[in-house]
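Predicted, not measured: the structure shown is a model, and the values here were computed from it. Only heavy atoms go into these numbers, but all of them, side chains included; no hydrogens, no water, no symmetry mates.
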Amino acid sequence: MKRFVYYALLSLLVLSMLLLSSCSALIPQKQPKIINTYPQETAPSQVIKMEDQWVMLHSTYGGQNYTISVGESSTSANNIYSATDVSIRYFEANKNGIAWCEKSQEFYTYKVYVFETQKVETVFQVAVDNGYQSQNIGIYLNTVYYCVINYDQQDVQVIAYDITTKTTSDVYKVKFDESKQPYSINLENKYLSFVCSEQIKVLNLQNNETVFDSILPEVIEYVFSVSYDSKNDNCALYYADNDTEDIGILKEGQTEITSVFTFSQNHYAYQDKIDCHDGHIYWIAQANASGNVTDHYTFIDYNYLDHKPTEIDRTFSFYRNENEVYLLRFNKNGDYTHIDLCQP
């Protein structure tokens with residue numbers, strides 16, 4: 001659990017992030033296409049590009065004050081929500097709403113901004129003192145999905161909140177087992193993935209069918225995150241085994257996982273985020289190291305079908321919609337006064 005506490009204390013400009021260590025020089029560099037350049041004072045820390053609008057999360061130095069903005073272009077967005085003395089790690093949106101979890105010293109609070117009413121609703125709140133929560137959240141059609149550990153009843157619940165009816169329902173429930181932590185979800189379009197250190201289950205929310213269900217190989221001790229590649233019916237995992245942290249590919253029912261990347265010491269996938277789509281795995285590589293902050297961030301695009309990686313340096317955030325990938329990147333090495341919004 002050490003890195004979950006670690007992440008909560010980091011901010012956009014004080015995080016120490018990763019190059020690919022000694023392997024970096026062997027990976028082809030790619031120059032991205034710049035869409036817009038922001039001064040650091042107004043730059044977003046995360047972006048979501050929808051069909052007709054942009055949704056952006058902004059955080060101040062120190063990472064405790066956040067603003068969400070929405071606009072028809074990447075340069076003209078209106079602020080719709082602000083929060084102070086919190087951290088926001090997960091942030092998702094579609095045409096019906098924006099969902100996020102904010103953690104304060106007292107509470108984990110899951111919220112949604114509903115576009116139709118232009119109001120923020122509290123979906124769920126639980127005291128931090130009750131125990132650790134993963135803060136995972138997603139939105140599909142008019143429903144918000146989140147994962148909660150109920151320590152009183154010793155259950156782990158994946159819960160759906162209907163923003164139209166304001167009602168909740170259980171999507172999936174298992175008994176809580178501390179040895180299987182962390183429990184987490186990942187919602188990618190219509191596919192909802194649930195993972196712990198023992199099992200992966202992927203549900204198609206469109207028809208409520210389970211499309212992937214597998215017990216994890218015994219070598220896996222800890223799973224940080226999962227992403228489902230629906231086209232190839234594979235799951236990518238960011239996981240730890242006895243010695244290292246790896247990103248690997250697992251086929252349903254497979255007794256062994258195929259590692260595609262092994263992190264060196266003090267190197268991680270930033271915010272535990274991986275995204276597996278159409279034969280590619282995306283992540284931000286992060287180095288917990290001293291030195292120039294701007295060169296500790298690297299975006300990796302790994303084609304796991306032909307084993308070809310490419311990288312883009314100085315990149316600290318990425319977002320993929322159905323057709324495109326968007327990046328946030330320091331404009332120059334050694335200078336974080338300007339941030340570029342880019343596409344690979």
Side-chain angles (χ1 to χ4, degrees), residues 1 4 89-92 94 96-97 99-101 108-112 121-126 130-217 220-230 233-239 250-254 257 272-276:
M1 305 293 293
F4 292 96
R89 183 176 175 187
Y90 295 105
F91 161 77
E92 302 292 342
N94 67 8
N96 295 313
W100 68 95
C101 177
Y108 295 98
T109 306
Y110 298 75
K111 294 186 176 183
V112 60
E121 300 175 6
T122 295
V123 175
F124 176 77
Q125 187 177 72
V126 62
N130 283 9
Y132 167 79
Q133 300 291 343
S134 67
Q135 305 178 58
N136 300 133
I137 194 167
I139 185 167
Y140 174 66
L141 300 180
N142 62 346
T143 304
V144 175
Y145 296 84
Y146 56 100
C147 182
V148 173
I149 301 174
N150 187 326
Y151 290 95
D152 293 333
Q153 299 182 10
Q154 291 292 288
D155 288 327
V156 181
Q157 300 167 272
V158 180
I159 301 173
Y161 173 81
D162 189 311
I163 64 177
T164 303
T165 63
K166 319 301 181 191
T167 57
T168 62
S169 58
D170 284 347
V171 178
Y172 188 65
K173 182 189 290 188
V174 296
K175 295 304 294 182
F176 172 70
D177 184 339
E178 187 173 359
S179 67
K180 297 177 183 178
Q181 291 198 83
Y183 294 88
S184 63
I185 62 169
N186 187 20
L187 181 54
E188 301 164 296
N189 193 9
K190 62 184 178 181
Y191 295 104
L192 176 66
S193 303
F194 171 84
V195 66
C196 63
S197 63
E198 182 181 77
Q199 181 187 26
I200 295 175
K201 184 182 286 287
V202 182
L203 181 68
N204 183 337
L205 296 176
Q206 197 168 51
N207 54 24
N208 290 319
E209 291 185 358
T210 298
V211 296
F212 192 102
D213 191 356
S214 190
I215 301 298
L216 297 184
I220 296 176
E221 293 189 346
Y222 199 89
V223 179
F224 303 108
S225 53
V226 62
S227 181
Y228 177 62
D229 184 347
S230 59
D233 195 28
N234 292 323
C235 277
L237 281 77
Y238 175 34
Y239 67 96
L250 184 71
K251 296 182 180 296
E252 189 172 17
Q254 191 176 14
I257 188 167
D272 298 338
K273 179 180 178 178
I274 61 173
D275 189 320
C276 191

Geometric class of the Phe224/Tyr238 ring pair [parallel <30°, tilted 30-60°, perpendicular >60°] = tilted
Minimum heavy-atom distance Gly253-Ser214, with the two atoms named = N-OG, 3.2 Å
Flag side-chain contact, heavy atom, 4.5 Å: Thr143 against Tyr161 = no
Close side-chain approach of Lys251 and Asp233, heavy atoms under 4.5 Å = no
Measure from the side-chain N and O atoms of Ser197 to the backbone N and O of Tyr222, and report whether any donor-acceptor pair falls under 3.5 Å.
-> no
Output the distance between atom CD (Gln125) and atom NZ (Lys111), rounded to the nearest 0.5 Å.
-> 8.0 Å
Could you label the plane-to-plane angle of the Tyr110 and Phe124 rings as parallel, tilted or perpendicular, counting under 30° as parallel and over 60° as perpendicular?
-> tilted
Interatomic spacing from CD in Gln254 to CD1 in Ile215 - rounded to 0.5 Å = 14.5 Å
Is there a side-chain hydrogen bond (donor to acceptor under 3.5 Å, both in side chains) between Gln199 and Asp213 once you walk through the steps?
-> CA-CA 8 Å; Gln199 181 187 26; Asp213 191 356; 3.1 Å; yes
Step by step, work out the side-chain hydrogen bond (donor to acceptor under 3.5 Å, both in side chains) result for Gln181 and Tyr132.
-> CA-CA 10 Å; Gln181 291 198 83; Tyr132 167 79; over 6 Å; no
Scanning both residues in full, the closest heavy-atom pair of Cys196 with Lys180 reads CB-O, 3.3 Å
Just do the side-chain hydrogen bond (donor to acceptor under 3.5 Å, both in side chains) check on Ser227 and Glu188 with the steps written out, would you?
-> CA-CA 8 Å; Ser227 181; Glu188 301 164 296; 2.4 Å; yes
Taking the side chain as every heavy atom from C-beta outward, state whether Tyr183 and Asp177 have any pair of such atoms under 4.5 Å apart.
-> yes
Do Leu216 and Glu198 have side-chain heavy atoms sitting under 4.5 Å apart?
-> no
Minimum-distance pair of heavy atoms, taken over all atoms of Leu203 and Thr210 = CD1-N, 4.0 Å
Is there side-chain contact between Tyr140 and Gln206, with heavy atoms separated by less than 4.5 Å?
-> yes
Name of the residue among Tyr172, Phe212, Tyr228 meeting ring pair (Phe, Tyr, Trp, His ring centres under 6.0 Å) with Phe194 | Tyr172
Of all heavy-atom pairs between Leu237 and Ile274, which one has the smallest distance, and what is that distance?
-> C-CD1, 3.7 Å
Any chance you could measure Asn130, atom CG, to Tyr151, atom OH, to the nearest 0.5 Å?
-> 8.5 Å
Interatomic distance, Ser184 atom OG to Tyr90 atom OH [nearest 0.5 angstrom] = 7.0 Å
Looking at Thr164, Asn96, Thr165, which hits side chain to side chain donor-acceptor pair (under 3.5 Å) with Asn142?
-> Thr164
Go through the steps to decide whether Asp170 and Ile159 satisfy the test side chain to side chain contact (heavy atoms under 4.5 Å, CB included), and finish with yes or no.
-> CA-CA 5 Å; Asp170 284 347; Ile159 301 173; 3.8 Å; yes
Could you tell me whether the side chain of Asn204 reaches within less than 4.5 Å of the side chain of Ser230, counting heavy atoms only?
-> no
Between Leu187 and Leu205, is a side chain to side chain contact (heavy atoms under 4.5 Å, CB included) present by the stated rule, with each step listed?
-> CA-CA 10 Å; Leu187 181 54; Leu205 296 176; 3.6 Å; yes
Using a 4.5 Å cut-off on heavy atoms from C-beta on, say whether the side chain of Ile200 contacts that of Val223.
-> no
Where the side chain of Asn186 meets the backbone of Ser193, is there a donor-acceptor pair that is under 3.5 Å apart?
-> no
Going through the checks in order, is the side chain to side chain contact (heavy atoms under 4.5 Å, CB included) test met by Tyr146 and Thr168?
-> CA-CA 11 Å; Tyr146 56 100; Thr168 62; 4.2 Å; yes
Return the minimal non-hydrogen interatomic distance between Gln133 and Tyr108, and the atom names on each side.
-> N-OH, 3.3 Å
Side chain Asn136, main chain Ile185, donor-acceptor under 3.5 Å = yes
Closest heavy-atom pair and its distance - Glu92, Ile137 | CG-O, 3.4 Å
Is Arg89 close to Asp272 at the side-chain level, that is, under 4.5 Å between some pair of heavy atoms?
-> yes
OG1-CG distance between Thr167 and Asp162, expressed to the nearest 0.5 angstrom = 5.0 Å
Check whether any side-chain N or O of Asp155 sits under 3.5 Å from a backbone N or O of Gln157 as a donor-acceptor pair, and report yes or no.
-> no
